[in-house]
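By convention here, the first residue in the shown sequence is residue 1. Scope of the values below: all heavy atoms of this structure, side chains included, with no hydrogens, waters or symmetry mates. The shown structure was predicted, so the numbers you read here are calculated from the model rather than taken from an experiment. In each ligand, atom 1 is the first atom listed, and ligand 1 is the first ligand listed.
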Amino acid sequence: MTRQGLRKPPIPPIRPLPFPDIQGFAIMAIEHTFSIIKPDATRRNLTGKINAVFEEAGLRIVAQKRIHMSPAQAESFYGVHRERPFFKDLVSFMISGPVVVQVLEGENAVARNRELMGATNPANAAPGTIRKLFAENIEANSVHGSDSAENAAIEIAYFFAGSEIVG
Ligand code: IDP
Ligand code: MG
């Protein structure tokens with residue numbers, strides 16, 4: 001039989017499509033995002049409750065470790081906020097106790113995690129969001145999440161080696 005006689009099998013769709021693309025296949029965007037469970041949350045023993053929000057929403061924790069950030073690490077991590085009036089307080093807060101740094105994986109993980117987190121100020125956060133449920137105030141707001149895929153890649157690389165991310 002010649003190869004011409006063989007029909008090329010279609011590439012199977014990965015899962016059923018709410019919004020098929022032009023060929024009828026799902027448009028999937030599996031992403032990684034970087035998350036921190038902040039010192040106010042570790043102090044109140046909320047790591048498991050926050051992780052449950054991620055997992056129930058379909059985000060997978062593919063890397064995780066509990067660390068105590070050094071001043072230099074916190075200053076560098078929040079370097080974009082260096083000129084903001086709250087910068088010194090923010091660094092003091094982030095080194096005030098242990099944090100849990102994490103890589104979350106899932107469809108549109110960056111945006112999805114930002115939705116789950118809620119607004120920076122818990123007073124403005126939507127009901128059911130992590131910050132509405134758990135945050136103490138605008139600074140001690142329980143979680144960090146990357147704000148773009150580009151920043152996610154930079155932030156993940158700052159805390160994790162590739163070999164520590166196991167999907
Ligand atoms: P985000 O965490 O929602 O992305 P950013 O504006 O990137 O918010 O601020 C980084 C962090 O700095 C916040 O999560 C919070 O801990 C702290 N922060 C932001 N705005 C204020 C403020 O007005 N006062 C005190 N701390 C703040
Ligand atoms: Mg931010």
#### Entry: Interatomic distance, Ile61 atom CD1 to Ile165 atom CD1 [nearest 0.5 angstrom]
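The distance works out to 14.0 Å.
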### Query
Hey, which residues fall under 4.0 Å of ligand 1 on heavy atoms?
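Shell around ligand 1 (4.0 Å, heavy atoms): Lys38, Tyr78, His81, Phe86, Leu90, Arg114, Thr120, Arg131, Ile138, Glu139, Asn141.
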### Query
Does the ring-ring contact (aromatic ring centres under 6.0 Å, His included) test come out yes or no for Phe34 and Phe77, once each step is laid out?
CA-CA 12 Å; Phe34 178 72; Phe77 181 76; 5.8 Å; yes
Those residues that, when tested against [X], pass ring pair (Phe, Tyr, Trp, His ring centres under 6.0 Å) (two or more places apart):
{"X": "Phe54", "result": "none"}
{"X": "Phe160", "result": "none"}
{"X": "Phe86", "result": "His81"}

### Message
Restricting to non-hydrogen atoms, name the atom on Met94 and the atom on Pro39 that form the minimum distance, rounded to 0.1 Å.
### Response
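In this case the closest contact between Met94 and Pro39 is O-CG, 3.7 Å.
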